[in-house]
Amino acid sequence: MPELPEVETVRRGLAPVMEGARIVRVEARRPDLRRPLPHDFVKRLEGQTVTGIGRRAKYLTADLASGDVLLMHLGMSGSFRVSHDGKGATPGEFHHPRPTAPAHDHVVFHMSSGATVTFNDPRRFGLMLIVPRRELADHPLMREVGPEPLGNAFDANLLAAACALKKTSLKAALLDQTVVAGLGNIYVCEALHRARLSPKRRASTIATRTGAPNARAVALVEAIKAVLNDAIKAGGSSLRNHRDTDGELGYFQHHFRVYDREGEPCVTPGCRGTVKRIVQNGRSTFFCPTCQR
DNA sequence: CCGCGGGCCTGAGAGC
DNA sequence: TGCTCTCAGGCCCGCG
């Protein structure tokens, strides 16, 4: 489910309750996620202080005092729930866990702060693993990941260079995590619409023969950054709601301009077009054929 | 290198 | 109401 903005929102929700706190106890209720939890998962986490919560692409990272990093991915349906004393983490429950936990609560972290952080993932496409900090960048899951779209290094030069060699559609190129990290089906559709570029266009057409960026590349980078920042802002506002109460982290409502709006009028000012749905690489693409060229 | 199909899983929604 | 079918925001593999 989650793309970069959702994962970043989750990071911001977890940081206040996990950073600086110690993991007192871990429940690995359902170890068979996308890949099985490591055999020493609980042992390597219990007693560890979390020194920081980070994000790389769609991955969350929890830095541990031991030098390990807990690497987490939400897959399609993963979310975190944070609860404080009194809900889900009462002293009584600490010693006698509810026999009937909510469905799909696969991993539970009991923090020294009194907070309980629960990972819920119905489809179990999510994943958790533990990697020594110094091996993280070279880990197979991280090694090929491209630039962070909100980082300063990500600009039209970089995107054009990455797309210049590609023979795919622009849509497929943006979904390719080695080209740019963290975009998924929704935000690719949204960014292309903002940039008024057709998802069917060849990726290499945002670069000149020499691989230098053209005006399309500039517009696209601008659109990507804008749509992600807007979405993070919307997620951030939804975060405020669960400061004091229980919070669901992993999904927030956001208004999309084209995604899932098939047949509805295009919202581009002055455009009289209608949003269309097509299938590219087996996935839905929503775009306006009138203003996206 | 590329697109495609299939697979991993469960749940929501549409249609009958 | 309940059944069946399709589809879903991610990612990986093997095939041609």
Side-chain angles (χ1 to χ4, degrees), chain A residues 1-11 29-37 55-60 71-80 101-107 119-129 139-146 149 161-193 199-205 211 224 227-228 230-232 234-235 238 248-263 277-287:
Chain A
M1 137 186 326
E3 304 182 30
L4 187 150
E6 288 77 22
V7 178
E8 177 60 24
T9 298
V10 172
R11 189 196 70 75
R29 294 179 170 162
R30 183 103 207 224
D32 54 330
L33 304 182
R34 186 170 108 212
R35 33 165 80 175
L37 294 179
R55 179 192 57 76
R56 174 79 173 100
K58 297 172 193 170
Y59 290 89
L60 288 163
L71 189 61
M72 300 172 278
H73 197 288
L74 301 176
M76 286 277 267
S77 58
S79 65
F80 281 93
H104 312 305
D105 281 357
H106 305 316
V107 180
F119 177 66
N120 183 285
D121 183 10
R123 291 173 74 176
R124 303 206 310 283
F125 289 173
L127 110 101
M128 288 197 188
L129 66 159
H139 191 278
L141 292 175
M142 293 279 104
R143 208 172 37 212
E144 308 279 322
V145 172
C163 287
L165 315 167
K166 293 235 146 212
K167 300 192 71 184
T168 58
S169 68
L170 195 47
K171 163 95 188 292
L174 295 178
L175 279 176
D176 182 344
Q177 299 296 296
T178 70
V179 171
V180 54
L183 296 181
N185 204 36
I186 290 180
Y187 292 107
V188 166
C189 291
E190 293 296 309
L192 287 169
H193 181 260
K200 297 191 283 190
R201 163 184 291 284
R202 283 184 63 130
S204 58
T205 62
I224 290 169
V227 73
L228 295 179
D230 284 357
I232 290 170
S238 79
E248 195 76 38
L249 295 171
Y251 180 78
F252 58 87
Q253 298 296 336
H254 187 67
H255 183 263
F256 303 121
R257 298 187 188 178
V258 281
Y259 186 81
D260 206 21
R261 293 192 64 244
E262 182 183 18
R277 173 185 179 272
I278 60 173
V279 175
Q280 288 179 290
N281 305 337
R283 317 197 54 188
S284 290
T285 297
F286 297 89
F287 75 114

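This one's a predicted model, so the numbers in the text were calculated from it and none came from an experiment. Sequence lines set the chain letters: A, B, ... in the order given, protein chains first and strands last, and positions in each chain run from 1.
- Note on G184(A): only backbone sugar-phosphate atoms sit closer than 4.0 angstrom, heavy atoms only; bases stay farther off.
- Counting to the nearest Å, the P atom of dC1(B) and the CD atom of E144(A) are 10 Å from each other.
- Using a 4.0 Å heavy-atom distance criterion, L141(A) is classed as a sugar-phosphate-only contact.
- For dT10(B), the OP1/OP2 oxygens have a side-chain nitrogen or oxygen of R124(A) closer than 4.0 Å.
- The partner of dC9(B) is absent, by the rule that a Watson-Crick or G-U pair needs both atom distances under 3.5 Å.
- Side-chain N/O atoms of K166(A) include none lying less than 4.0 angstrom from OP1 or OP2 on dC1(B).
- Residues R277(A) and P140(A) each lie close to DNA chain C; by heavy-atom proximity, the contact nearer the 5' end of the strand is made by R277(A).
- At a cut-off of 3.5 angstrom, counting only N and O atoms as typed in the model, there is a donor on one side and an acceptor on the other between the side-chain of R123(A) and the base of dC9(B).
- With dC2(B), dG9(C), dC4(B) as the choices, the nucleotide that has an atom nearest any side-chain atom of T168(A) turns out to be dC2(B).
- With rounding to whole Å, D176(A) atom CG is found 8 Å from dC2(B) atom P.
- Under a 3.5 Å cut-off, the side chain of R55(A) and the backbone N or O of A57(A) do form a donor-acceptor pair.
- Ranking dG3(B), dC2(B), dG9(C) by closeness to the N281(A) side chain, first place goes to dG3(B).
- Atom-to-atom, CG of L175(A) to P of dC4(B) comes out at 13 Å; the value is rounded to the nearest Å.
- Across E262(A), K200(A), K171(A), a single residue satisfies side chain to side chain contact (heavy atoms under 4.5 Å, CB included) together with I278(A), and that is K200(A).
- When each of dC12(C), dG9(C), dC2(B) is scored by its nearest atom to the side-chain atoms of K167(A), the top-ranked nucleotide is dC2(B).
- At whole-Å resolution of the value, CG in D121(A) and P in dG11(B) are 11 Å apart.
- For the pair L33(A) CG and dC9(B) P, the interatomic distance rounds to 11 Å; values are reported in whole Å.
- Side-chain atoms of N281(A) do not come within 3.5 Å of backbone N or O of R283(A) as any donor-acceptor pair.
- At distances below 3.5 Å, at least one donor-acceptor pair connects side-chain atoms of K58(A) with backbone N or O atoms of L183(A).
- Between dG2(C) and dC9(B), the distance separating the two C1' atoms is 23 Å to the nearest Å.
- Using a distance-only test at 3.5 Å, with no hydrogens or angles considered, no donor-acceptor pair links the side chain of D121(A) to the main chain of H106(A).
- Remark: dG9(C) base-pairs with no nucleotide; criterion is Watson-Crick or G-U wobble with both hydrogen-bond distances under 3.5 Å.
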